[in-house]
Participant: 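If you scroll down you'll find the structure; I have some questions about it.
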Amino acid sequence: MSALKSASLLFFIFLFSGCSSDDAEVVIENLSYEIIFESQLSYSRGEKIPKQYKVFTDREDWLDFIPTIEEVNPDRAENLENIDFDFTNANLIIVIGEFYNSCCTKITINQVYKRSDNIIVDFEESEPGVAGALSQTYLLIKTQKQN
């Protein structure tokens, strides 16, 4: 075998054996979920709640988040603060859509999964309708805690 062929062969062996991707080692685990509440926030303040999702593993973290809602919609915040939820066995996730000057959107959950000990919510939101009302769709999701 010529030296050029040997060198090429060794190069490819090192190339393919040396390629290790951290992503290949990350395990993605699909999680079952249940939508437990869906509604609209309605407010006109200049400061808007950004589109997001947040995972709450205990009641204290949930109650720490409630002032974010209370700043824009005090009545809704009071209802959410008093929600009956068992944080011992489940995680609570809030998914908040975009703020629109027209009502109303629908949030669709594509997938909820766990990746590297982080819960990820893949969701999309429909376009708003034509009704002239300030609104922001949100929903609450429950996932079982993993042992």
Participant: Could you measure the distance from the CD1 atom of Ile109 to the CZ atom of Phe123? Nearest 0.5 Å is fine.
Facilitator: 7.0 Å
Participant: Does Gln52 have any side-chain hydrogen bond (donor to acceptor under 3.5 Å, both in side chains) partners at least two apart in sequence or in another chain, and if so, which?
Facilitator: none
Participant: If we only count heavy atoms from C-beta on, is the Asn30 to Gln111 side-chain gap below 4.5 Å?
Facilitator: yes
Participant: How about Leu140 and Leu80: do any of their side-chain heavy atoms sit closer than 4.5 Å?
Facilitator: yes
Participant: Is it the case that one hydrophobic cluster holds both Val95 and Tyr100, taking links as side-chain heavy atoms less than 4.5 Å apart, direct or via other members?
Facilitator: no
Participant: Are any of the side-chain heavy atoms of Leu92 and Ile36 separated by less than 4.5 Å?
Facilitator: yes
Participant: Sort and list the pairs that fulfil side-chain hydrogen bond (donor to acceptor under 3.5 Å, both in side chains) and have at least one residue in residues 78-99, not counting sequence neighbours.
Facilitator: Asp86-Thr88, Asp86-Asn89
Participant: Is the backbone N or O of Cys104 less than 3.5 Å from a side-chain atom of Ser135, with the two atoms forming a donor-acceptor pair by type?
Facilitator: no
Participant: Would you say Gln136's side chain and Gly97's backbone share a donor-acceptor pair under 3.5 angstrom?
Facilitator: yes
Participant: Just to verify, what does Lys51 make a side-chain hydrogen bond (donor to acceptor under 3.5 Å, both in side chains) with, not counting sequence neighbours?
Facilitator: none
Participant: Could you tell me which non-hydrogen atom of Lys145 sits nearest to which non-hydrogen atom of Thr57, and how far apart they are?
Facilitator: NZ-O, 2.6 Å
Participant: Of all residues at least two apart in sequence or in a different chain, which pass the side-chain hydrogen bond (donor to acceptor under 3.5 Å, both in side chains) check with Thr143?
Facilitator: none
Participant: With sequence neighbours excluded, give me every ring pair (Phe, Tyr, Trp, His ring centres under 6.0 Å) pair touching residues 57-84.
Facilitator: Phe56-Trp62, Phe56-Phe65
Participant: Could you tell me the separation between the CG atom of Asn110 and the CD atom of Glu124, rounded to the nearest 0.5 Å?
Facilitator: 4.5 Å
Participant: Return the OG1 to CD distance between Thr137 and Gln40, rounded to the nearest 0.5 Å.
Facilitator: 3.5 Å
Participant: I need the Ile93 CD1 to Leu31 CG distance, nearest 0.5 Å.
Facilitator: 7.5 Å
Participant: Does a side-chain heavy-atom distance below 4.5 Å link Tyr53 with Ile120?
Facilitator: yes
Participant: Enter the distance from Ile107:CD1 to Leu139:CG here, rounded to the nearest 0.5 Å.
Facilitator: 4.5 Å
Participant: Report yes if some heavy atom in the side chain of Glu60 is under 4.5 Å from a heavy atom in the side chain of Phe87; otherwise report no.
Facilitator: no
Participant: Using side-chain hydrogen bond (donor to acceptor under 3.5 Å, both in side chains) as the criterion, list what pairs up with Ser39, not counting sequence neighbours.
Facilitator: Arg76
Participant: Tell me if a side-chain donor or acceptor on Lys142 pairs with a main-chain N or O of Phe85 at a distance below 3.5 Å.
Facilitator: no
Participant: Nearest 0.5 Å, please: how far is CD1 in Ile69 from OH in Tyr138?
Facilitator: 7.0 Å
